[in-house]
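Computation of the quantities below employed the complete heavy-atom set of this structure, encompassing side-chain atoms and omitting hydrogens, waters and symmetry-equivalent molecules.
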Amino acid sequence: MKFNITGRNVNIGDRTREHIEKKLGKLSKFFVEDTVAHVTVSNQKDDYTIEVSIPIKNSMIRAEESSNDLYVSIDLVEEVLERQIKRHRTRLIDKNQSAAAFSELFIESEEEEDDDSEIRIEKVKRFDFKPMTAEEACLEMELLGHNFFVFKDGDSGETCVVYKRKNGTYGIIIPEG
């Protein structure tokens with residue numbers, strides 16, 4: 001795994017770079033060698049934010065964490081990424097997503113899935129982009145670390161929005177007319 005590390009309002013020293021590569025290097029077991037992780041370190045006031053994006057074919061795995069300690073933020077973002085990858089393992093390696101980005105060991109391992117990995121859409125709203133199902137849009141939203149995701153329903157062709165509710169369930173906005 002390769003790292004593209006950028007600093008915004010913060011100087012990335014050798015010690016910080018080594019810590020980032022060591023912590024995020026643990027994720028190498030999930031990916032092929034030439035996978036590139038884009039890491040952005042920023043500092044605003046006394047808050048250090050670490051944003052990591054790992055592009056895979058047809059998708060993106062993304063996490064962002066902040067704290068008042070740079071090294072704590074790095075540790076937190078690594079934990080979030082590993083949890084996302086393990087939680088969405090079967091969806092990431094299915095026929096719609098290319099398994100080419102993942103290592104053979106990760107693809108062939110038979111870890112049990114968490115019971116909470118099922119996506120439940122609990123609330124539907126009506127309101128007036130890339131064709132996909134609502135479940136795929138929820139997966140994309142989770143991988144990007146966003147609270148909502150706009151997509152084009154593959155069956156109806158309508159523009160829709162999925163969003164994460166405060167209680168951890170999902171909602172979907174479907175246009176009228």
For the CG atom on Asp46, are there more than 12 heavy atoms of other groups (residues, nucleotides or ligands in this structure) within a distance under 6.0 Å? no
Report the distance from atom NZ of Lys23 to atom CD1 of Ile50, rounding to the nearest 0.5 Å. 12.5 Å
Using links of under 4.5 Å between side-chain heavy atoms of ILVMFWY residues, direct or through other members, which residues join Leu76 in one cluster? Val72
State, to 0.1 Å, how close Tyr163 and Ile172 come at their nearest heavy-atom pair, and which atoms those are. CE2-N, 3.7 Å
Atom pair CD1 (Ile20) and CD1 (Ile12), whose distance is rounded to the nearest 0.5 Å: 5.0 Å
What I'd like to find out is whether the side chain of Glu78 reaches to under 4.5 Å of the side chain of Lys26, using heavy atoms alone. yes
Value for CD1 (Ile74) from CD (Glu21), rounded to nearest 0.5 Å, stands at 10.5 Å
Heavy atoms, side chains only, cut-off 4.5 Å: are Asn9 and Ser42 in contact? no
Can you confirm whether Leu81 sits close enough to Val52 that some side-chain heavy atom of one is under 4.5 Å from a side-chain heavy atom of the other? yes
Ile121, Phe151: one ILVMFWY side-chain cluster at the under-4.5 Å cut-off? yes
So how far is it from Asn147 CG to Met141 CE, rounded to the nearest 0.5 Å? 7.5 Å
Answer yes when Glu51 and Arg62 have at least one side-chain N-carboxylate O distance shorter than 4.0 Å, and no when they do not. yes
Is Lys164 close to Phe148 at the side-chain level, that is, under 4.5 Å between some pair of heavy atoms? no
Is the shortest side-chain N to carboxylate O distance from Lys2 to Asp34 below 4.0 Å? no
To the nearest 0.5 Å, how far apart are CG in Asn43 and NZ in Lys45? 11.5 Å
Show your reasoning for whether side chain to side chain contact (heavy atoms under 4.5 Å, CB included) applies to Glu158 and Ile174. CA-CA 8 Å; Glu158 295 180 280; Ile174 301 172; 4.2 Å; yes
Pair Lys29 + Glu82, salt bridge at N-O below 4.0 Å: yes
Gln84 CD to Leu144 CG distance, which is reported to the nearest 0.5 Å: 9.0 Å
With side chains defined as the heavy atoms from C-beta onward, is the minimum distance between Leu70 and Thr16 less than 4.5 Å? yes
State plainly whether one hydrophobic cluster holds both Val80 and Phe30, where clusters connect Ile, Leu, Val, Met, Phe, Trp and Tyr through side-chain heavy atoms under 4.5 angstrom apart. no
Classify the side-chain pair Ser67/Ser73 by whether it contains a donor and acceptor separated by less than 3.5 Å. yes
Quiz question: by atom type and distance under 3.5 Å, do the side chains of Glu142 and Tyr170 form a donor-acceptor pair? yes
Considering all heavy atoms of both residues, which atom of Met1 and which atom of Ala37 are nearest to each other, and what is their separation? CE-CB, 4.0 Å
Side-chain contact test, heavy atoms from C-beta onward, threshold under 4.5 Å: evaluate it for Val10 versus Tyr48 and give yes or no. yes
Are Val162 and Met60 joined in one hydrophobic group, where the rule is that I, L, V, M, F, W and Y side chains link up if heavy atoms are under 4.5 Å apart? yes
Could you walk me through whether Glu140 and Met132 pass the side chain to side chain contact (heavy atoms under 4.5 Å, CB included) check? CA-CA 10 Å; Glu140 287 282 330; Met132 62 175 59; 4.1 Å; yes
Beyond-backbone contact of His38 with Ile54, side-chain heavy atoms, under 4.5 angstrom: no
Are any of the side-chain heavy atoms of Phe149 and Glu136 separated by less than 4.5 Å? no
For Arg8, does the CZ atom have more than 12 heavy-atom neighbours from other residues, nucleotides or ligands under 6.0 Å away? no
